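As the structure is a prediction and not an experimental result, all values here were calculated from the model. In listed order, ligands and their atoms are each counted from 1. The figures here come from the full heavy-atom set of this structure, side chains too, leaving out hydrogens, waters and symmetry mates.
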Amino acid sequence: MKKVFFLIIAVAFSLPVVADEGMWLLPLLKQQKFPEMKELGLKLQDYDIYSPDSASLKDAVVIFGGGCTGEIVSPDGLLLTNHHCGYGSIQQHSTLEHDYLTDGFWAATRDQELPNPGLTVTFIDKIEDVTDYVLKNLEMDTDPTSMNFLSPKYLNGLAKEKAGEKFLQDNPGMEVEIKAFYGGNKYYMFTKKIYSDVRLVGTPPSSIGKFGADTDNWMWPRHTGDFSVFRVYADANGNPAPYSETNVPLRPKRWFKISLKGVQENDFAMMMGFPGRTNKYYTSWEVAERRDIDNDVRINIRNLRQQVMLDEMLKNPEIRIQYSSKYASSANAYKNAIGSNWAINKRNFEQVKREEQDRLIEWSNLNNESAYPEALLTLEQIVSDRKDLRFRRWMLDEALVRGIEFSGVPTDVKQMCDALNGKDRAEQQKQLLLLERAYLRFADKNYSPEVDKKIAKVMLKEYRRLVAPKAQPDYFSIIDKKFKGNVDRFVDFIFEKSIFGSESNFNNFKAHPSVKALEEDPMILFAKSIQKEKAVLTEALKDFDDSYNLAHRTYVKGLLAMYKDKANFPDANFTLRLTYGQVKGYSPRDCDYYGCQTTLDGVMEKEDSTNWEFVVPARLKELYNIKDFGRYGMADGKMPVAFSATTHTTGGNSGSPVLNAQGELIGINFDRNWEGVGGDIQYLPDYQRSIIVDIRYVLFIMDKYANASYLLNEMDLVE
Ligand code: ARG
Ligand code: ASP
């Protein structure tokens with residue numbers, strides 16, 4: 001006991017890293033963190049979790065789509081992830097008649113499982129430290145200002161060379177990638193196997209999978225059953241292949257056992273997943289910049305845009321389906337930015353980072369290292385010099401590029417015009433067809449010109465209010481010249497006149513295609529003008545970005561040198577990481593404490609049939625009333641829903657498998673608490689919690705609510 005106590009004290013005082021902080025790289029886990037994990041209760045050996053040359057738990061963890069994590073839970077390739085990660089696919093299969101968003105969906109047999117073109121599942125076959133290899137290649141690059149050390153194109157070129165043409169040809173679906181870590185002070189290569197036949201197996205209704213919606217998003221206590229079920233298919237040899245009826249369920253290397261034992265406060269918990277991006281090596285100046293420019297612009301602009309969307313969605317069920325996914329993702333980053341600014345201010349992140357910088361300066365002076373303090377001066381200067389440009393860039397991106405959908409219409413019409421001017425009939429037809437395809441993509445089933453028009457009016461007004469006239473895209477000058485400053489009329493005009501403004505406009509154009517129409521099309525001119533402004537800003541910011549990247553690498557190198565005896569983890573970069581900690585509640589404010597486990601009682605407490613966010617489906621109420629929880633209920637007779645843990649996670653960790661000390665699945669990560677999102681910059685031990693749907697709730701919904709118990713038969717359940 002005493003020994004443990006001293007160990008904890010020693011650890012607490014010697015590390016800049018706080019207990020439970022960290023997104024650890026698997027190859028470094030053994031040397032960096034394994035003893036502490038054991039101390040906290042882990043019962044496995046390091047090679048059970050990660051082994052370079054045999055199957056281990058990491059083989060059951062996958063990238064789901066482009067930004068989430070998933071886990072394999074059966075020998076037949078069954079996969080669990082979040083409802084919000086499967087949301088796009090669920091929405092694609094939904095219509096007013098088959099509204100899977102509202103009603104849920106369960107494939108009763110395997111041939112009812114629904115294919116999702118474009119959706120992939122990626123396994124990580126191999127992770128190698130290739131730092132020496134990359135550095136050796138970089139040395140041959142004589143340009144001192146070269147950005148190759150961070151360039152994905154350059155690094156992936158090296159990865160391909162290292163793996164060899166033949167290896168990639170012989171292994172369909174295999175890809176290799178080299179990623180930079182610690183700002184470009186270390187490199188790892190990942191060999192990935194990418195499956196592209198991934199089918200939707202089941203999803204609860206949004207009233208379970210998204211219960212609490214945006215009000216509860218980023219909040220604890222939480223009562224959401226945020227999961228969905230997919231299956232990975234492969235060709236007869238188990239290799240990745242595009243969708244085909246003849247494909248068969250994948251026989252994976254590993255799948256997780258599922259624990260029915262539940263969790264207690266302070267239990268060990270760990271998860272593996274793909275955290276997307278963190279900024280723990282920010283300087284104090286970048287913290288302020290993030291707050292005053294990035295976050296502030298985002299909060300202001302999204303708030304305005306979301307108000308318009310929500311209004312329209314509540315008025316019209318068709319618009320609700322069309323815009324639900326867009327709204328959710330907008331609102332998600334919006335609320336994150338609010339939480340981030342809250343933490344930056346309340347937890348004094350500028351001060352925290354300043355102290356770190358001062359430590360490095362002091363250490364550098366003692367050790368005659370001048371490069372690190374110099375890098376800090378450079379970073380300070382860059383942040384100050386790029387202020388205006390950065391503000392313009394954020395305004396452009398948030399208000400016009402992301403904000404207004406029609407700013408994404410095709411603008412590359414030169415070839416088209418050439419064809420129309422030319423004599424080649426076949427070429428003309430080909431170009432017209434390409435344009436039509438582009439039009440259809442722009443005006444897809446999730447697009448409403450009316451909504452876009454309303455949003456554009458609001459966005460343009462705010463943009464023009466905040467960005468100096470000279471710094472606006474040049475096409476905007478006609479707003480004053482032609483429309484006397486009336487933005488509404490300008491937007492109406494764009495839709496009236498553009499070939500993309502309505503289906504009839506497009507059909508008219510198709511009947512009489514003309515170069516003039518394309519060259520004078522106001523929507524194309526609008527979009528072009530925005531693109532031009534974006535290019536100007538990108539170019540102007542590039543010098544800053546380049547010198548920033550160089551100085552940042554040096555700064556991080558300095559920190560690594562100063563803390564060389566300690567375990568340091570690199571910022572998240574959407575590579576496979578492990579984080580561990582404990583199941584724990586927290587105190588959000590004085591005299592207030594949140595427990596670590598929520599139950600179905602809380603769902604019923606929040607129920608509000610007049611508010612779409614808190615509607616509880618009748619069947620769930622019925623199960624609750626008769627307390628039919630089967631083997632998934634807790635000893636006290638309650639039905640668990642979600643729990644919270646101290647694990648250090650970020651966006652991309654959604655869908656991550658949460659494992660107990662035996663490595664069995666106890667939950668699926670899906671969120672963080674609002675007070676903890678600042679952890680992307682600085683981990684907050686007392687505040688930050690991962691929010692995890694309890695696996696017993698997942699099984700209960702599948703079995704009792706959806707009568708899909710046949711799916712449980714293929715899983716390994718551990719009582
Ligand atoms: N906040 C979570 C994460 O960043 C969940 C988002 C999905 N839910 C929602 N209501 N938008 O992605
Ligand atoms: N909800 C996030 C995700 O989708 C997870 C988080 O940010 O904690 O990845």
Side-chain angles (χ1 to χ4, degrees), residues 23 61-71 80-91 101 203-220 222-228 271-279 298 302 306 309-310 313 320 323-340 343 572-577 579 581 606 611-615 642-658 667-681 683-684 687-693:
M23 302 168 175
V61 188
V62 299
I63 300 175
F64 181 83
C68 276
T69 305
E71 53 273 7
L80 293 178
T81 186
N82 291 142
H83 182 263
H84 78 260
C85 295
Y87 202 74
S89 306
I90 301 165
Q91 184 196 22
L101 284 178
T203 172
S206 295
S207 52
I208 291 173
K210 197 183 154 85
F211 182 74
D214 299 302
T215 301
D216 269 12
N217 189 25
W218 300 114
M219 296 289 205
W220 183 257
R222 189 66 154 276
H223 298 86
T224 314
D226 195 344
F227 76 96
S228 57
M271 68 175 102
M272 280 182 270
F274 294 84
R277 190 187 161 89
T278 55
N279 300 98
R298 172 161 283 175
R302 292 198 181 206
Q306 285 159 206
M309 277 201 255
L310 191 59
M313 285 164 68
R320 180 181 56 72
Y323 277 77
S324 50
S325 196
K326 289 174 195 168
Y327 183 86
S329 69
S330 175
N332 193 41
Y334 161 75
K335 209 163 172 182
N336 181 302
I338 298 176
S340 167
N573 58 357
F574 206 58
T575 55
L576 184 56
R577 306 288 181 94
T579 165
K606 284 180 177 171
N611 177 351
W612 67 276
E613 296 188 293
F614 294 98
V615 171
F643 64 90
S644 58
T646 60
T647 38
H648 190 184
T649 49
T650 190
N653 269 122
S654 272
S656 297
V658 184
I668 310 170
N669 182 63
F670 71 97
D671 208 5
R672 262 173 302 161
N673 57 337
W674 184 79
E675 298 92 341
V677 301
D680 287 352
I681 300 173
Y683 180 73
L684 302 159
Y687 266 144
Q688 179 162 354
R689 295 294 177 265
S690 303
I691 299 179
I692 297 152
V693 55

Who passes salt bridge (charged side-chain N to carboxylate O under 4.0 Å, His left out) against R672, sequence neighbours left out?
D680
Evaluate the side chain to side chain contact (heavy atoms under 4.5 Å, CB included) criterion for residues Y87 and N82: first the C-alpha distance (whole Å), next the side-chain angles of each, then the deciding distance (0.1 Å), finally the verdict.
CA-CA 8 Å; Y87 202 74; N82 291 142; over 6 Å; no
Between E675 (side chain only) and Y687 (backbone N and O only), is there a donor and an acceptor less than 3.5 Å apart?
no
Can any side-chain N or O of S644 pair as donor or acceptor with the backbone N or O of S690 at less than 3.5 Å?
no
Please identify each residue that fulfils ring pair (Phe, Tyr, Trp, His ring centres under 6.0 Å) with F64, with sequence neighbours left out.
F230
Contact table, ligand 1 N/O with protein N/O, distance under 3.5 Å:
unit_1, atom_1, unit_2, atom_2, d
ligand 1, 1 (N), N217, OD1, 2.7
ligand 1, 1 (N), N332, OD1, 2.7
ligand 1, 1 (N), D671, OD1, 2.7
ligand 1, 4 (O), N332, OD1, 3.4
ligand 1, 4 (O), N332, ND2, 3.0
ligand 1, 10 (N), D214, OD1, 3.3
ligand 1, 11 (N), A328, O, 3.4
ligand 1, 12 (O), H84, NE2, 3.4
ligand 1, 12 (O), N332, ND2, 3.1

List, ordered by chain and residue number, the protein residues whose closest non-hydrogen atom lies under 4.0 Å from any atom of ligand 2.
H84, W218, T650, G651, G652, N653, S654, F670, D671, R672
When the ring planes of F211 and F614 are compared, do they come out parallel, tilted or perpendicular, using 30° and 60° as the limits?
perpendicular
Do any N or O atoms from the side chain of E613 and from the backbone of T215 form a donor-acceptor pair under 3.5 angstrom?
yes
Side chain of S228, backbone of H84: donor and acceptor closer than 3.5 Å?
no
Begin from the C-alpha positions of K335 and M219 and carry the test side chain to side chain contact (heavy atoms under 4.5 Å, CB included) through to its verdict.
CA-CA 10 Å; K335 209 163 172 182; M219 296 289 205; 3.9 Å; yes
